[in-house]
Each structure stands twice: as C-alpha cells, then as structure tokens.
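In what follows, a structure is listed as structure tokens, so that the remarks can point back to it.
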Amino acid sequence: MRYIILILLNCTFALSVGIDINFKDVYFNSYAYSESSRNLAVFDTTNTLSIVNLDEKRVISSIKTDFNKITALYFEDQVLYAGFEDGYIVKFDDRFSSYSEVIKSSNIKPKNTITNLHIANKLLYAISNKNEFIIYDMERNILQILDDLKKLSKVTTLEIANNFAYIACWDRSVYKLNLKDKTLQELSKLPARALSSKLIKDKNSLLLGLEDGSVLDLNDNKLHKISKKQIDSIALEKDKIYFGDGEGSIIQSDTNFKIEQKFKLFNDRVRALFFDKDSGIFGLSWDGRIKTISNKK
C-alpha cells in the first residue's frame, strides 16, 4: 500500500482553559463521555470509577471495584456500560450506584478481558483480548461470539458504522468486518501503529491517529503529518478536527488537515479528547487531569 504524505506548517495560538479538575496520584485506564447528560466516566489506577459532571464541575458519584478491574467504558446516551477484566459486561443504574450483568461472563471464555465496547441500534459490540468479537442483541437477547478472527493481533481501536466494524491492530493492520455476513477484509497495512480513531460520518471516512505523529484518512489513503509525537486522541467539532499528542498538546486543523492552532494543555500524554456543545473540546491526561478548552474568540 502506497501513501501520500502531507506536511503542513504549525502555528500556535492561545486557546482558553475552562474547567480544570485534578485527580492526584492516579492514572486513567478507561473513560467514556455522555454529551446529553454531560457526565464523564473515568476508571483509574486505584480501581475507582468516578462520574464527573461538567455542569457541576465535580465528581457526583464514585464506586470502588477492588475485586475486578474495568477495562472498557461506553455511554449509550445517558446509560453507562462497562466491560471488566474477567469478561463481565454490565449496565449501571442512573445513579451509578449499582449495576447488573448484560452478558454473563460464563458465555465468554475464561480470563478473557473486554478491551473494546460499542453500542449502536440496540446492539452491543465488544472485543476481548483473545480476539473474540462479541455481538449481543439487547432487545431479543441473542448472543453471537465470533472466535475465529485469529489473524487479528491485539486490537488498538474499534469503530462501528453502517453495518461494518473497523478494527486497527497492534501489528499495524486495519480490517473491515461485515456485521451481516461476518466476513473480514484487510484494508491496509499502516506505516505505524494506530493509537486512536474517529469516524467522520458525513464524509464516510475513518481517521487513524498513528504512533509516528501522522494521521491517516482511510478514505483517500493520505498521511498527514500532525505532530512529532504520537497521536493518542482525536475529536471533531463541526468543520474542525482536534488531535491530542504524546507531549500534552492539542492541535486544531480544518477538515483538509491544515493546522490552524496548537495549544499545550497537559504535561503528559492526552489520553482522550471529547467535544461538548457548551464547553467546547475537553481532554483527559494520562496522569489524572481533566481540562476543558474553548476556541471562542
């Protein structure tokens, strides 16, 4: 596979920081955000699940899970789902004080950790660390487990759209899984590992943030050099794209990947980026910090 590499010059402007919440002496392992409730769920290295509400600017709920580690989180609207290291997948109540099993771990191979979660159209999709692709119809209580995807190495990113799953792996391969007939197609062999991904739905395109600081648009197989450091996170806001890199910077570009702004947000890697209609873009650092930034002039 041949790629076109585009390098555009950086320029740096001062965006403004809004909310700044510091979880001291922890690292974030899993996270998810609900734009409708403005709740951010983070699971940290003390085995604590915290729910941060951006309106109240504080932690509104926390649960200690000493017996089991959460390895994946996903919000479907305002409902929080979690995957655990021993294969459980659960749904939390609306107060985040208790949860119930969605899929019993006995249906999943022993010691298989849930690494990725996604929910769309009442279907729950999950991937385990042993390459099981799990599909669960929550309305009809129908479970399918595809355990024949042996060619996949460790999955790094998962996106679901239009009855396809887009899967990037540790060995730099990218696959498309047809969710109707369950056929698997290799799309690309990347020049570096994908660490982040984002779908641009109106363009029917997938962006992959790479370990070498580039971003690949799978729609046209063009590589765009964004940073000298790895691209750990990607967020979209209308006609803007935001990238979080390995040195704590946020880079803003237009949809043609022309870099417009760069802003130093953290002293550590940008673990995740989200868009909120009221706060703008906000980021999570690896070392337990949450900040919102506004690009309003």
Side-chain angles (χ1 to χ4, degrees), residues 1-19 31 33 35 38 40 54 156-162 164 166 168 174 187-188 190-266 269-285 290-297:
M1 179 74 70
R2 298 180 63 187
Y3 300 100
I4 301 171
I5 301 176
L6 302 179
I7 301 175
L8 299 173
L9 296 177
N10 288 6
C11 51
T12 303
F13 297 90
L15 301 177
S16 59
V17 175
I19 298 170
Y31 50 85
Y33 180 62
E35 188 175 344
R38 306 195 74 211
L40 171 69
L54 292 192
T156 56
T157 73
L158 169 68
E159 298 286 349
I160 307 286
N162 301 323
F164 291 98
Y166 296 89
V174 182
L187 295 179
S188 180
L190 302 172
R193 291 189 187 102
L195 303 179
S196 55
S197 61
K198 196 70 178 179
L199 282 167
I200 303 180
K201 295 180 180 178
D202 58 349
K203 292 178 63 177
N204 195 29
S205 181
L206 176 67
L207 303 183
L208 294 170
L210 307 186
E211 199 172 36
D212 65 356
S214 300
V215 171
L216 175 66
D217 184 346
L218 270 182
N219 198 38
D220 55 15
N221 278 324
K222 286 184 181 179
L223 277 172
H224 304 270
K225 190 66 175 177
I226 300 298
S227 173
K228 294 179 180 179
K229 301 294 183 180
Q230 62 201 48
I231 304 299
D232 286 306
S233 48
I234 305 172
L236 304 176
E237 180 193 8
K238 296 180 182 177
D239 58 347
K240 306 296 180 186
I241 309 174
Y242 296 84
F243 307 96
D245 73 7
E247 63 178 6
S249 294
I250 305 295
I251 300 122
Q252 175 188 308
S253 81
D254 63 16
T255 55
N256 293 315
F257 303 96
K258 180 180 179 181
I259 295 173
E260 298 175 334
Q261 302 190 61
K262 182 176 180 180
F263 181 68
K264 181 76 170 177
L265 190 64
F266 299 116
R269 293 164 60 185
V270 183
R271 183 75 170 90
L273 283 176
F274 299 98
F275 171 69
D276 178 81
K277 63 181 183 300
D278 295 317
S279 298
I281 296 294
F282 69 95
L284 283 65
S285 70
I290 301 167
K291 289 184 180 180
T292 63
I293 55 174
S294 173
N295 64 356
K296 294 179 181 178
K297 296 181 180 180

Nearest 0.5 Å, please: how far is [atom2] in [Y] from [atom1] in [X]?
{"X": "R38", "Y": "Y33", "atom1": "CZ", "atom2": "OH", "result": "5.0 Å"}
{"X": "K198", "Y": "Y242", "atom1": "NZ", "atom2": "OH", "result": "13.0 Å"}
{"X": "L208", "Y": "L210", "atom1": "CG", "atom2": "CG", "result": "6.5 Å"}
{"X": "E35", "Y": "F274", "atom1": "CD", "atom2": "CZ", "result": "11.0 Å"}
{"X": "L273", "Y": "I234", "atom1": "CG", "atom2": "CD1", "result": "9.0 Å"}
{"X": "E159", "Y": "Y166", "atom1": "CD", "atom2": "OH", "result": "10.5 Å"}

Check your understanding: Side chains of N219 and S205: do they bring a donor and an acceptor to under 3.5 Å?
Key ->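 Checked: N219/S205 side chains show no N/O donor-acceptor pair below 3.5 Å.
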Do side-chain atoms of [X] reach the backbone of [Y] as a donor and acceptor pair under 3.5 angstrom?
{"X": "K225", "Y": "D212", "result": "yes"}
{"X": "K291", "Y": "L265", "result": "yes"}
{"X": "S196", "Y": "I231", "result": "yes"}
{"X": "N256", "Y": "K258", "result": "no"}

For the residue pair [X] and [Y], what are the closest heavy atoms and their distance?
{"X": "A194", "Y": "T157", "answer": "O-CG2, 4.2 Å"}
{"X": "I251", "Y": "K262", "answer": "CG1-CG, 4.0 Å"}
{"X": "S233", "Y": "V270", "answer": "OG-O, 3.2 Å"}
{"X": "R269", "Y": "G246", "answer": "CG-O, 3.2 Å"}
{"X": "P191", "Y": "L223", "answer": "CG-CD1, 3.6 Å"}

For D217 and V215: C-alpha separation, side-chain torsions, deciding distance, then whether side-chain contact (heavy atoms from CB on, under 4.5 Å) applies.
CA-CA 7 Å; D217 184 346; V215 171; 6.0 Å; no
- request: With the side chain counted from C-beta on, respond yes when L40 and I290 share a heavy-atom pair under 4.5 Å apart, and no when they do not.
  value: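 Yes, at least one pair of side-chain atoms sits under 4.5 Å.
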Check: Quick one: does D245's side chain get under 4.5 Å of I226's, heavy atoms only?
Finding: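 Contact flag for D245/I226 side chains = no.
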Exercise. Apply side-chain contact (heavy atoms from CB on, under 4.5 Å) to F266 and E247, showing your working.
Key: CA-CA 8 Å; F266 299 116; E247 63 178 6; over 6 Å; no
Verdict with supporting geometry, I200 and T255, side-chain contact (heavy atoms from CB on, under 4.5 Å) | CA-CA 10 Å; I200 303 180; T255 55; 5.8 Å; no
ask   = Hey, mind stepping through T156 and R193 against side-chain contact (heavy atoms from CB on, under 4.5 Å) and telling me if it holds?
value = CA-CA 8 Å; T156 56; R193 291 189 187 102; 5.6 Å; no
**OP:** Measure the acute angle between the ring planes of F257 and H224, then classify it against the limits of 30° and 60° as parallel, tilted or perpendicular.
**Re:**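 Ring orientation, 0 to 90° scale: parallel.
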